[in-house]
2 protein chains.
Amino acid sequence: MTRLQNRSSGGRRRASHSMESVLTEAVALLDEAGAPALTFRALAQRLGGGVASIYWYVASKEELLDRATDHVVGAVLTDIEALPGSDDPIDDLRAMAVTLFDAIVRRPWLGTYFMRNTDIQGNALRLYEKLGQQTLRLDLSAQQRFHAVSAITGVVIGSAVDLGQEPPEEVLDGTVTHDEFLSRFAQAWRELDPEEFPFVHEIVDEFDGHDDVDQFRSALELTLAGLRLQAGV
Amino acid sequence: MTRLQNRSSGGRRRASHSMESVLTEAVALLDEAGAPALTFRALAQRLGGGVASIYWYVASKEELLDRATDHVVGAVLTDIEALPGSDDPIDDLRAMAVTLFDAIVRRPWLGTYFMRNTDIQGNALRLYEKLGQQTLRLDLSAQQRFHAVSAITGVVIGSAVDLGQEPPEEVLDGTVTHDEFLSRFAQAWRELDPEEFPFVHEIVDEFDGHDDVDQFRSALELTLAGLRLQAGV
DNA sequence: CATCGTATCGAACGTTGTTCTATCGTATCG
DNA sequence: CGATACGATAGAACAACGTTCGATACGATG
């Protein structure tokens with residue numbers, strides 16, 4: 001597919017890309033340094049070519065982001081389809097949601113771009129379908145099924161946008177770890193007026209050193225419990 | 001507070017701002033044309049001053065966004081504090097969440113920036129506290145309370161980021177209404193293979209012409225049902 | 001009147017997404 | 001085999017953005 005290029009004589013050689021390589025390198029940039037690192041110039045340099053060449057494959061940065069996102073969502077979809085499956089559709093829904101969330105934990109930038117532009121992001125639609133198929137096994141109305149899947153993706157996204165935020169400079173520098181950064185917040189909260197902020201004081205120890213995955217799983221569990229109640233199983 | 005400035009003779013008169021006016025005009029820009037419309041140049045023109053002057057009030061655009069967000073969250077907080085309150089903490093949680101979501105429906109850009117940088121955004125913390133105080137009335141552990149409030153804000157944000165997305169050009173132009181745009185999606189979905197996408201076909205009529213508020217309320221209801229179960233009330 | 005801190009502003013800088021125009025390489029065709 | 005068309009690449013330029021710099025005005029204080 002990719003053309004051979006071994007003219008040994010001097011002179012700038014032309015690079016040859018492919019949709020695959022463009023997306024792979026774009027994802028690599030996102031993985032290594034987050035969304036701000038993905039610029040056309042950085043991507044071009046990585047591909048060993050010019051900036052304008054990328055525009056032959058994508059019409060805009062938005063489309064680049066969409067395609068890159070869908071590229072990795074495809075892998076998530078494969079993972080989800082490989083899930084064993086059980087006789088309880090709600091257990092299966094949980095397993096799918098956890099698989100999706102784990103992927104976002106590994107790639108925090110996904111949280112921001114996932115599920116935008118479902119027209120281009122074909123894999124997002126397939127994932128949506130896979131979730132929905134589990135609701136078909138439940139005794140629900142069409143509207144309830146629609147809302148149930150929306151609720152589950154909402155929980156995933158609502159928990160994921162937290163992760164997608166670019167960490168502050170101190171954390172990126174490595175001078176402060178992520179946990180230390182959160183502990184500073186906790187410390188500031190501890191110094192708040194206990195009369196005015198009784199709840200914050202109640203949960204500050206939970207917040208300090210909390211795990212994002214636990215937080216997500218608890219939120220998911222509440223939604224699934226409500227769904228189970230609604231379906232009467 | 002604002003200085004008089006009536007030197008009638010020619011010569012460019014100097015503008016005089018205030019933190020309040022900067023934030024108010026910033027919010028006005030966001031309200032009128034969304035996040036992309038808020039640029040330092042547009043804001044300066046609106047304030048009748050120079051670009052660099054804004055930097056006397058905020059250190060960066062990030063801080064401007066944070067302060068603008070917290071500015072309107074303050075109003076939401078006032079609404080929430082004015083809520084009547086009942087003998088059922090879960091009913092109160094629902095009322096608060098709905099109030100918050102309604103504000104985001106009116107100001108879609110809020111969804112993207114709400115609950116980032118809780119250090120600067122003091123009102124977000126107060127709102128967090130107000131939600132949490134309702135969980136203090138429930139028979140839960142500290143961790144359960146922490147997770148419950150996270151779950152509720154997660155549902156709100158997860159439903160809100162949908163709204164925060166900039167509508168495509170056709171919708172902004174007015175050539176196509178928002179509902180027509182969604183109907184096109186629905187139509188495309190209807191033409192999908194029913195064997196491969198049974199769920200999408202099941203819910204396509206629900207999706208077509210669906211209401212974001214209904215969708216949110218259903219998701220919220222599932223979470224609250226789960227919470228009620230957990231608290232045993 | 002001199003001085004200092006507050007507040008303002010035009011101009012410039014660097015980076016970004018995007019477009020323009022020119023070119024190269026390869027396959028196709030008369 | 002040479003001409004041609006098209007897929008693909010690329011440098012340079014453009015407009016818009018956030019941000020910084022240096023100069024300047026204003027009002028209060030000594």
Side-chain angles (χ1 to χ4, degrees), chain A residues 1-23 25-26 29-30 33-68 109 112-113 116-117 166 168-169, chain B residues 1-23 25-26 29-30 33-68 109 113 117 166 168-169:
Chain A
M1 184 62 69
T2 46
R3 171 167 30 91
L4 295 176
Q5 37 167 330
N6 38 11
R7 292 202 296 116
S8 53
S9 71
R12 226 157 246 80
R13 59 177 56 168
R14 295 166 75 84
S16 93
H17 321 273
S18 71
M19 188 82 250
E20 257 288 316
S21 66
V22 168
L23 262 36
E25 294 305 319
L29 275 170
L30 289 166
L38 179 57
T39 68
F40 277 78
R41 284 168 179 84
L43 181 56
Q45 190 169 11
R46 230 186 148 96
L47 290 164
V51 212
S53 304
I54 307 172
Y55 279 89
W56 195 88
Y57 295 94
V58 293
S60 66
K61 180 160 190 186
E62 193 185 328
E63 188 185 322
L64 175 63
L65 248 351
D66 282 339
R67 294 199 117 100
W109 54 270
T112 319
Y113 300 108
R116 302 203 320 191
N117 294 42
E166 284 301 308
E169 205 176 344
Chain B
M1 185 63 66
T2 45
R3 170 166 33 86
L4 295 176
Q5 36 167 331
N6 38 11
R7 290 202 297 116
S8 52
S9 73
R12 228 156 244 84
R13 59 180 55 170
R14 294 166 77 84
S16 93
H17 317 149
S18 71
M19 189 80 248
E20 257 289 318
S21 66
V22 169
L23 261 36
E25 294 304 318
L29 275 171
L30 289 167
L38 179 57
T39 69
F40 277 81
R41 286 169 178 83
L43 182 56
Q45 191 169 11
R46 229 185 149 96
L47 290 164
V51 212
S53 304
I54 307 172
Y55 279 88
W56 194 88
Y57 295 94
V58 294
S60 66
K61 182 163 189 184
E62 193 185 326
E63 189 186 321
L64 175 63
L65 247 353
D66 282 339
R67 294 198 117 101
W109 54 270
Y113 300 108
N117 293 45
E166 284 302 308
E169 204 177 344

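Naming convention: chains lettered A, B, ... in sequence-line order (proteins, then strands); numbering from 1 in each chain.
In a base pair of the Watson-Crick type (N1 to N3 plus N6-O4 or O6-N4) or a G-U wobble (N1-O2 and O6-N3), with each distance short of 3.5 Å, D:dG7 is matched with C:dC24. Base pairing of D:dA13 is made with C:dT18, judged by Watson-Crick or G-U wobble geometry with both donor-acceptor distances under 3.5 Å. Shown here, C:dG30 forms a base pair with D:dC1; the pair counts as Watson-Crick or G-U wobble because both key distances fall under 3.5 Å.
Note: CD1 (B:Ile54) to C1' (D:dT20) measures 14 Å, nearest angstrom. Whole-Å rounding puts the A:His17 NE2 to D:dG7 P distance at 17 Å. The CG-P distance, from B:Leu64 to D:dC17, rounds to 14 Å in whole Å. A straight line from OH of B:Tyr55 to P of C:dC9 spans 15 Å, rounded to a whole angstrom. Between the P atom of D:dG18 and the NZ atom of B:Lys61 lies a distance of 4 Å, rounded to the nearest Å.
Nearest heavy atoms, B:Ala33 versus B:Glu166: O-OE1, 4.3 Å. Residues A:Ser60 and A:Tyr55 share a closest heavy-atom pair of CA-CE2, 4.3 Å. B:Ala15 and B:Leu47 make their closest contact through CB-O, 3.9 Å (heavy atoms, listed as atom of the first residue, atom of the second, distance).
Note: A:Tyr57 and A:His17 have perpendicular aromatic rings, judged against thresholds of 30 and 60 degrees for the angle between ring planes.
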**Message:** Between B:Glu25 and B:Leu29, does the side-chain contact (heavy atoms from CB on, under 4.5 Å) criterion hold? Intermediate values first, please.
**Reply:** CA-CA 6 Å; B:Glu25 294 304 318; B:Leu29 275 171; 5.9 Å; no
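Enclosure of atom CD in A:Glu63 by more than 12 non-hydrogen atoms of other residues, nucleotides or ligands within 6.0 angstrom is indicated.
With distances taken from any side-chain atom of B:Ser16 to the nucleotides C:dT8, C:dG10, C:dT16, the minimum falls on C:dT8.
In summary, of the residues considered (A:Asp66, A:Val58, A:Leu64), a side-chain contact (heavy atoms from CB on, under 4.5 Å) with A:Glu62 occurs for A:Asp66 alone.
Residues from residues 35-46 of chain A placing a heavy atom under 4.0 Å of any atom in DNA chain C, listed by number, are A:Leu38, A:Thr39, A:Phe40, A:Arg41.
Contact check, B:Ser53 against C:dC9: a side-chain N or O comes under 4.0 Å of OP1 or OP2. For B:Tyr57, a side-chain nitrogen or oxygen approaches OP1 or OP2 of C:dT8 to under 4.0 Å.
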